[in-house]
Protein chains: 2
Amino acid sequence: MPNRSLAVTEMACADCPIRHRAVCARCESDELEKLDAIKYYRRFEAGQTIAWAGDKMDFVASVVEGVASLTQTMEDGRRQMVGLLLPSDFLGRPNRESVSYDVTAATDVMLCCFRRVPFQGLIEETPHLSQRLLEMTLDELDAAREWMLLLGRKTAREKIASFLSIIARRDASLKNSKNAMELAFDLPLTREAMADYLGLTLETVSRQMSALKRDGVIELKGKRHIIVPDVEALMDETGDDADGGVYI
Amino acid sequence: MPNRSLAVTEMACADCPIRHRAVCARCESDELEKLDAIKYYRRFEAGQTIAWAGDKMDFVASVVEGVASLTQTMEDGRRQMVGLLLPSDFLGRPNRESVSYDVTAATDVMLCCFRRVPFQGLIEETPHLSQRLLEMTLDELDAAREWMLLLGRKTAREKIASFLSIIARRDASLKNSKNAMELAFDLPLTREAMADYLGLTLETVSRQMSALKRDGVIELKGKRHIIVPDVEALMDETGDDADGGVYI
DNA sequence: TTCGACATTTGATCTCGATCAAATACAGTC
DNA sequence: GACTGTATTTGATCGAGATCAAATGTCGAA
């Protein structure tokens, strides 16, 4: 199971080295300086498009704050989210000039960007960096495969429960919260974006959320704030085995 | 678009360096010797299980011949394929002891295995190797994301057409065939395995295959040999834009 | 050639989630 | 506080694909 909390914990470090550490946990200080030389920050507002599929992208980035999504769109408008990037996640392919997916800020987002070409050079000089990126990419591939099981075989109710438990887990690890029985967190996505994530319509998302609320599995404060009175009960709805294995 | 044909073409090399080159296109000869020292071959028959989810796996491997699948199973028996490995594809996570998915030989398979722990050591000493693995993993992630669009949003008919075009493309590149209008290839999967790939039932797979045949999009010789009289016509059924972007 | 074990096809029916439509909640602005 | 635009919920109906069931094809062994 991928240890995302490592990178996440390191985000608590002073100043900014976060994104360096998130990218490369073992870089020496001179390597960090090289990273420093090619980095800059960018902010995006919720709903804003960071890049369209096919755009040239001259940077790669670490997500510092907020949530960004990768989405594919078919000609007739059908949309499927294929990536959800939370703080410490990596965005972009170092040696690919253009993006393959629409990249959108789901919430307000802060990126720590690295100029792509020099970053690619750094990868070639810095073994730790490509090893670290390999680990992060393998974790992302594992997450994509769990996601494929969800898309291909789970019921609408299981999809919703799985999504909530994925967000809850990552959100909880961000807050370093005690593993209390009760869990509370905010949804970073609209119902429509949840539908794009889960391969459902927004109406079905809404109905299943209502059903889980009716059945006491979750409570809603406003539209976005979720309380899970009993984490086990939520897990039972996901269709996954008890010991987990789901991560995003 | 990932250039898989590079690795594949190199498979034509004399003797065995195939799998070395497939793993690391730029390795120096002494690095190849180190790889040689920790490699061995294994054969599996169609239908045989290579590893069960949760098993310790003491090797990683390159697929030399045949097709292997990665599959996830839920407690109640629902199954979803999450990886399909063709020749030149890589199997396993160097620094993870156990597999997360059932690995099955879909056809007779020949693997070139590398002992895992020494291989992990080699990665740490050989920058080219982790860069090469990073590229391969990013390609696999792209493929997984196309697959997610298929699972989440495509109709049964589009799923079948997409699957056929994916197999046709990879099979064609293996055979170095001229890009003729007509295309012929063998399916490496049973209807049931196709269903697991596509998130459908085997009955639906069968019905949609019959429908595509009835509509003249494909011809069947036996159950497994497919002829595509007009590649464009098949592509039109996939739901993808004309210029492609789908690969496995 | 027949038998048996599978893989595949085809048929009949049912169901979950999609679609179409309308009501409600909510946040920001004037 | 009324107004506007957007997000969300709820209702009614439909249909693609699942499910249950049976027939057909295929290949190797006896």
Side-chain angles (χ1 to χ4, degrees), chain A residues 45-48 74 76-80 104 106-108 150-164 186-215 218-226 237 239, chain B residues 45-48 74 76-80 104 106-108 150-164 186-215 218-226 237 239:
Chain A
E45 282 173 24
Q48 217 182 332
M74 295 171 70
D76 61 5
R78 281 176 283 174
R79 292 162 50 85
Q80 177 62 53
T104 311
T107 64
D108 290 351
L150 177 150
L151 289 172
R153 296 302 188 191
K154 290 191 177 179
T155 64
R157 188 180 172 103
E158 287 170 340
K159 286 179 175 185
I160 299 285
S162 299
F163 174 75
L164 293 177
D186 288 306
L187 288 177
L189 302 184
T190 64
R191 298 289 186 267
E192 189 177 19
M194 285 177 63
D196 287 343
Y197 183 107
L198 298 168
L200 297 171
T201 59
L202 69 98
E203 293 95 328
T204 298
V205 170
S206 181
R207 267 184 256 274
Q208 295 296 335
M209 292 284 287
S210 300
L212 287 175
K213 182 175 151 193
R214 170 174 46 73
D215 298 344
I218 60 173
E219 292 161 28
L220 287 170
K221 291 264 179 288
K223 303 301 178 190
R224 294 291 196 93
H225 189 75
I226 306 282
E237 299 284 349
Chain B
E45 282 172 23
Q48 219 182 328
M74 296 171 70
D76 61 4
R78 281 175 283 173
R79 291 161 51 84
Q80 177 63 51
T104 310
T107 64
D108 291 350
L150 178 149
L151 289 172
R153 297 301 189 192
K154 290 190 177 180
T155 65
R157 188 181 173 101
E158 287 169 340
K159 285 179 175 184
I160 299 285
S162 299
F163 174 75
L164 293 177
D186 288 307
L187 288 177
L189 301 184
T190 64
R191 298 289 186 269
E192 189 178 18
M194 283 177 64
D196 287 343
Y197 183 107
L198 299 170
L200 298 170
T201 60
L202 67 97
E203 293 95 327
T204 298
V205 170
S206 181
R207 268 185 255 274
Q208 296 296 336
M209 291 284 287
S210 299
L212 287 175
K213 182 175 150 191
R214 170 174 46 71
D215 298 344
I218 60 173
E219 292 163 28
L220 287 169
K221 290 264 180 289
K223 303 301 177 187
R224 294 290 197 92
H225 189 75
I226 305 283
E237 298 285 348

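Protein chains get the first letters and strands the later ones, always in sequence-line order, with residue 1 at the start of each. Note: hydrogens, waters and symmetry copies are ignored here, and every other heavy atom, side chains too, is used. None of the values given here were measured: they were computed from a predicted structure.
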| query | Can you tell if the side chain of B:Leu187 reaches within under 4.5 Å of the side chain of B:Leu164, non-hydrogen atoms only? | reply | yes
| query | When all nucleic acid strands are considered with a 4.0 Å heavy-atom cut-off, which category describes B:Arg224: base, sugar-phosphate, or nothing? | reply | sugar-phosphate
| Contact pattern, 5' to 3', of nucleotides 15-28 of chain C - B, S or - by protein heavy atom under 4.0 Å | --SSBB--------
| message | When you compare the side chain of A:Ile226 with that of A:Leu220, does any pair of heavy atoms fall below 4.5 Å? | response | yes
| message | In this structure, how many angstroms lie between the P atom of D:dT8 and the CE atom of A:Met209, rounded? | response | 9 Å
| query | Would a 4.5 Å heavy-atom cut-off, applied to side chains only, mark A:Ile160 and A:Glu237 as touching? | reply | no
| message | Would the distance check show the side chain of B:Gln80 and the main-chain N or O of B:Tyr197 forming a donor-acceptor pair, the cut-off being under 3.5 Å? | response | yes
| Residue pair B:Phe163 / B:Val205, side-chain heavy-atom distance below 4.5 Å | no
| task | Determine whether A:Arg224 and A:Thr190 make a side-chain contact, defined as any pair of heavy atoms from C-beta on separated by less than 4.5 Å. | result | yes
| remark: A:Arg78 CZ to D:dA16 P, in whole Å, measures 13 Å
| request: Rounding to 10 degrees, work out the angle separating the end axes of the helix from C:dT1-D:dA30 to C:dC30-D:dG1 (five pairs an end). | output: 30°
| field | side-chain hydrogen bond (donor to acceptor under 3.5 Å, both in side chains): pairs with one or both residues in residues 199-210 of chain B, sequence neighbours excluded | value | B:Thr201-B:Thr204
| Which residues share a salt bridge (charged side-chain N to carboxylate O under 4.0 Å, His left out) with A:Asp215, sequence neighbours left out | A:Arg157
| task | Look at the side-chain N and O atoms of B:Ser210 and state whether any lies under 4.0 Å from the OP1 or OP2 oxygen of C:dT10. | result | yes
| field | Atom pair distance, as rounded to whole Å: CG in B:Leu202 and P in C:dC6 | value | 15 Å
| query | What residues form a side chain to side chain donor-acceptor pair (under 3.5 Å) with B:Arg78, not counting sequence neighbours? | reply | A:Glu158, B:Asp76
| message | In whole Å, I'd like the distance from the CG atom of A:Asp196 to the P atom of D:dA7. | response | 13 Å
| said: For A:Lys223, give me all partners under side chain to side chain contact (heavy atoms under 4.5 Å, CB included), at least two apart in sequence or on another chain. | reply: A:Arg191
| Near DNA chain C, which residues from residues 187-195 of chain A have a heavy atom under 4.0 Å away? | none
| Atom-to-atom span, CD1 of B:Ile160 to P of D:dG17 - whole angstrom | 10 Å
| Taking NZ from B:Lys221 and P from D:dG25, how many angstroms apart are they, rounded to a whole number? | 17 Å
| said: Using every non-hydrogen atom in the two residues, find where B:Asp196 and B:Arg79 come nearest and quote the distance to one decimal. | reply: OD2-NE, 3.2 Å
